[in-house]
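The block underneath contains the structure these notes are about, expressed in structure tokens.
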Amino acid sequence: ADAPASSAGARPPLQGLVREMWADLGDALSLQYTGAASTMGGALRRGGHTALAVLEKGWRSVNRAYCAHFEDGARQSAMELMLG
């Protein structure tokens, strides 16, 4: 017996929504702690490691390294000021 069309059609949009929310959360946490978006966000959003996701991951890694070396001091000072 085949599943009803409504339940079969409901899974992919929900799965896509959950993946998007999970990737957004990862990006928000990564931005807070590293100053750059998550390196895995592209793979999560696209459902796998496509060529575009690998390129995006590489770009974000370079951005993260730049932020860690040149911009982290100001971010750390601001967090210490806010947290006491």
Subject >> Distance (rounded to the nearest 0.5 Å) between Ser38 OG and Trp22 CH2 >> reply: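 The OG atom of Ser38 sits 11.0 Å away from the CH2 atom of Trp22.
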Subject >> ring-ring contact (aromatic ring centres under 6.0 Å, His included) partners of Phe70, counting only residues at least two apart >> reply: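 With neighbours one apart ignored, the set is Tyr66.
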Original post:
So, does Ser61 use its side chain to make a donor-acceptor pair with the main chain of Lys57 at under 3.5 Å?
Top reply: yes
Subject >> Which residues share a side-chain hydrogen bond (donor to acceptor under 3.5 Å, both in side chains) with Gln32, sequence neighbours left out >> reply: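 Gln32 satisfies side-chain hydrogen bond (donor to acceptor under 3.5 Å, both in side chains) with no other residue.
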**OP:** Tell me, please, which residues at least two apart from Asp24 pass side-chain hydrogen bond (donor to acceptor under 3.5 Å, both in side chains).
**Re:**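 Asp24 satisfies side-chain hydrogen bond (donor to acceptor under 3.5 Å, both in side chains) with Arg45 only.
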**OP:** Sorted by first residue and then second, give each salt bridge (Lys or Arg N to Asp or Glu O under 4.0 Å) pair with at least one member in residues 30-44; sequence neighbours left out.
**Re:** none
**OP:** Tell me, please, which residues at least two apart from Leu52 pass side-chain contact (heavy atoms from CB on, under 4.5 Å).
**Re:** Arg46, Thr50
**OP:** Could I get the full list of salt bridge (Lys or Arg N to Asp or Glu O under 4.0 Å) partners for Arg64, not counting sequence neighbours?
**Re:** none
**OP:** Go through Asp27 and Arg60 one step at a time and tell me if the side-chain contact (heavy atoms from CB on, under 4.5 Å) criterion holds.
**Re:** CA-CA 11 Å; Asp27 285 344; Arg60 287 185 178 188; 3.3 Å; yes
